[in-house]
Amino acid sequence: MSESADTPIKMVMAYIRPDKLGDVKQALASAGAPSLTVTNVSGRGSQPAKKGQWRGEEYTVDLHQKVKIECVVADIPAEDVVEAIQDGAQTGEPGDGKIFVLPVDSASQIRTGAEGPDAV
Amino acid sequence: MSTLLQVDPTTVANGINNVWVLVVTFLIFFMQPGFALLESGQVRAKNVGNVLMKNMTDWILGTLVYFVIGAAVVGIVGSLTSGGDIAGAFGHIADSNAWIGWLFGAVFAMTAATIVSGAVAERMNFDAYVLFTVLMVAIIYPVVVGFTWGGGLLSSSGFIGGALGAGYLDFAGATVVHMCGGVAGLVAAKMVGARKGRYDSNGNSQAIPGHSMLLAVLGTFILAFGWYGFNVGTQATILAVADDGTLTFMGSALGRVALVTTLGMSAGGAMAMLTSARYQGKPDPLWTANGILAGLVAVTGAVPHVTWWGGALLGGLGGFLVLPAFHFTVDRLKVDDVCGVFAVHGVAGAVGTALIPIFAVGGFALNQFVLQIVGVGVIALWTIVASAVALAAIDAVVGLRVTEEEETEGLDEGEHGVAVYPEFVPNETRDSTVATDGGELRTDGGCSLGNAVDSSGSSGSGGERR
C-alpha cells in the first residue's frame with residue numbers, strides 16, 4: 001500500500017448552465033483538476049418555469065436543460081474544485097446550479113488495475 | 001429549306017411531351033418523402049414509425065388500387081355525370097399507350113391520399129387507416145376527378161358546367177387534390193377524436209409539440225420542390241403541333257405556371273411569417289413552412305389562368321389564412337388536426353380556386369365565378385359525405401382508434417413493434433442463455449413464467465413479474 005492510500009477520495013458533482021461549461025472546464029484546469037465527466041441533464045431548482053410555444057400554443061417548461069459535471073479528486077482538495085466550479089459557473093441569476101461533494105468508497109483504474117487514490 | 005430531316009412533327013411533339021410528363025411525374029412522386037418528413041416532424045418521437053408506415057401505405061396500396069379500380073371510377077363518374085358512355089372505363093389496364101397518362105394521374109391521387117395521414121396522426125388504428133386509404137384512392141378521390149378533369153359534372157360538358165356555360169377551373173388540383181385531402185383529413189380527425197391530452201377538462205386546447213421542427217421544414221422544402229412537377233408539369237404540352245405541321249414551343253404558358261407557382265409560395269410564406277409575428281410576437285418557423293405550402297395550394301388551381309400579381313395575391317391570401325384557419329379548426333370546431341391539413345390544403349385550396357375569375361388574365365366572367373363557387377361546394381360536400389360514410393363503416397368493422405394504453409405508449413410500439421429512435425442496442429452477439437433483464441429475451445416484450453422463475457431463483461424480480 002502506498003502512503004497515499006489514506007488520502008480521502010471525493011466526488012464533486014455539479015449542475016451548471018450549459019453555456020458555462022467552457023468557463024468551468026477552464027477553471028478546473030487552472031485549479032489542477034482537469035479530469036471530468038459531463039452529461040446533459042434536465043432539472044428543476046430555483047429558476048422559474050418558462051413558456052414553450054408550438055403553433056403559438058404555449059406550454060410550461062419547468063425542467064431546464066443543465067449540464068452535470070462529475071469530478072473525482074484525491075490529491076487536489078475538493079474545496080478547490082468547488083471554488084473553481086463556482087467561479088466558472090456563476091452569473092448571479094436563479095438557475096446557476098448546485099455543487100455537491102460526496103465521499104467515494106474506492107476507485108479502480110480499468111486500464112492498469114490501480115486502486116485507491118492512484119487510480120483517480 | 002430549313003427542314004433537314006424528314007420527320008413527322010407530331011411524333012417529335014409526342015415524344016418530348018411524354019418524356020416531360022414522365023419527368024414531372026417523378027418529381028410529383030418526390031412529394032411523398034416531403035409529406036413523410038413534414039408529418040414526422042410534427043408528431044412525437046414515439047409515433048414517427050406509424051406516420052412513416054402510413055405514408056408508405058398511401059403509395060404502395062394507392063398505386064395498386066388506383067390502377068385496378070380508381071382510374072376506371074374516374075371515367076365512369078365522368079361519363080355518368082355528362083351523359084357519356086362508360087364502356088371504355090377499364091380500357092387503360094390493357095392499353096400500354098395509356099400507361100404514362102395513368103401514372104401521371106396516379107401521383108396526384110396518392111398526393112390526395114397522403115394528406116389525410118397528417119390530420120389523424122398519433123391515435124388512428126393502422127388497419128382503419130389502411131382501409132380508408134383504399135376507399136380514398138378507389139372511390140372518394142376518383143369521383144372528384146370524374147366531376148372535373150374526367151369531363152363530368154363540373155366540366156363544360158357536364159350537367160352543372162354545361163348549364164352555366166363554363167368549365168370548372170382547377171388546373172393542377174387545388175381543390176381536386178388538396179382540398180379533397182384536406183377536407184377528408186378534417187372529417188377523419190373529427191371522427192377519430194382528439195389525441196389524449198389535446199384538450200383540458202374545460203375543452204381548452206393544450207399544445208402537444210412535435211419532435212422535430214427540422215424534419216418539418218426540410219419536408220416543406222422537398223414538397224415545394226416536387227410541387228414544381230405538380231403545377232408546371234400539368235402544363236403537359238410543351239411542343240404544340242399546328243394543322244400545317246409547324247411546331248410551337250409553349251414557353252409563355254410554361255413560364256406563367258412556373259412564375260405564378262413561385263410567387264404564390266413565396267407570398268404565402270411571407271404572409272404566414274408576418275401573421276405569426278403579429279399574433280405570437282415572433283416569426284414562427286412552422287407557421288412560415290405551413291404558409292409556403294398554403295401559398296402553393298392557393299395557386300395550384302390558378303397558375304395558368306391568373307395574372308402574376310393575382311397569383312401573388314392568391315398565394316399571400318392562402319398564407320395569411322393558415323393561422324386563423326388552424327385556430328378555427330382547433331378552438332371552434334374542436335378538431336385535433338395534428339398537421340393543420342384543413343388550414344393548409346382545405347381552406348387555401350377552396351379560397352384560391354374560388355377566386356380565380358377575379359384575377360383572370362382574360363377578365364372577370366360572372367358565370368365562371370358562380371361555377372367556381374358551386375364547384376368548390378360540390379367537391380367539399382361530396383368529400384365530407386363520402387369520408388364520413390367510409391369512416392363510419394370502417395369504425396363498425398375494425399374501430400378507428402387505438403386503445404388509450406397504446407396511445408400513451410406510442411403507436412410505433414403498439415402498431416408496429418418498433419422504436420424509430422432506439423436508445424441502447426447490443427453491439428455484438430451475446431451468450432443468449434444469460435438475459436440481462438433477469439428473464440428470457442423475447443421479441444414481443446413478454447416474459448414466460450417458467451423461465452422467469454428459473455433464471456431469477458427464489459429472490460429478485462422474477463417472482464414479482466410472475
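Every chain is numbered from 1 and lettered A, B, ... according to where its sequence line falls, protein lines coming before strand lines. Keep in mind it's a predicted model, so treat the numbers as computed, not measured.
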Going by atom type alone, with no hydrogens or angles, which donor-acceptor pairs under 3.5 Å involve a side-chain atom of residues 86-101 of chain A and a protein atom two or more places apart or on another chain?
{"residue": "A/Thr91", "atom": "OG1", "partner": "A/Glu93", "partner atom": "N", "Å": "3.2"}
{"residue": "A/Thr91", "atom": "OG1", "partner": "A/Asp96", "partner atom": "OD1", "Å": "2.6"}
{"residue": "A/Thr91", "atom": "OG1", "partner": "A/Asp96", "partner atom": "OD2", "Å": "3.3"}
{"residue": "A/Asp96", "atom": "OD1", "partner": "A/Arg17", "partner atom": "NE", "Å": "2.7"}
{"residue": "A/Asp96", "atom": "OD1", "partner": "A/Arg17", "partner atom": "NH2", "Å": "3.1"}
{"residue": "A/Asp96", "atom": "OD1", "partner": "A/Thr91", "partner atom": "N", "Å": "3.4"}
{"residue": "A/Asp96", "atom": "OD2", "partner": "A/Thr91", "partner atom": "N", "Å": "2.6"}
{"residue": "A/Asp96", "atom": "OD2", "partner": "A/Gly92", "partner atom": "N", "Å": "2.8"}

Does A/Glu70 have any salt bridge (Lys or Arg N to Asp or Glu O under 4.0 Å) partners at least two apart in sequence or in another chain, and if so, which?
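By the salt bridge (Lys or Arg N to Asp or Glu O under 4.0 Å) rule, A/Glu70 matches A/Lys68.
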For residues 316-325 of chain B, tabulate all N or O donor-acceptor pairs below 3.5 Å that involve a side-chain atom, not counting sequence neighbours.
none

Find the N and O donor-acceptor pairs between chain A and chain B that sit under 3.5 Å apart.
{"residue": "A/Gln53", "atom": "OE1", "partner": "B/Gln280", "partner atom": "NE2", "Å": "3.3"}
{"residue": "A/Arg55", "atom": "NH1", "partner": "B/Asn290", "partner atom": "OD1", "Å": "2.5"}
{"residue": "A/Arg55", "atom": "NH2", "partner": "B/Gln42", "partner atom": "OE1", "Å": "2.4"}
{"residue": "A/Arg55", "atom": "NH2", "partner": "B/Asn290", "partner atom": "OD1", "Å": "3.3"}
{"residue": "A/Arg55", "atom": "NH2", "partner": "B/Cys339", "partner atom": "O", "Å": "3.2"}
{"residue": "A/Glu57", "atom": "OE1", "partner": "B/Arg198", "partner atom": "NH1", "Å": "3.2"}
{"residue": "A/Glu57", "atom": "OE1", "partner": "B/Ser205", "partner atom": "OG", "Å": "2.8"}
{"residue": "A/Glu57", "atom": "OE2", "partner": "B/Arg198", "partner atom": "NH2", "Å": "3.0"}

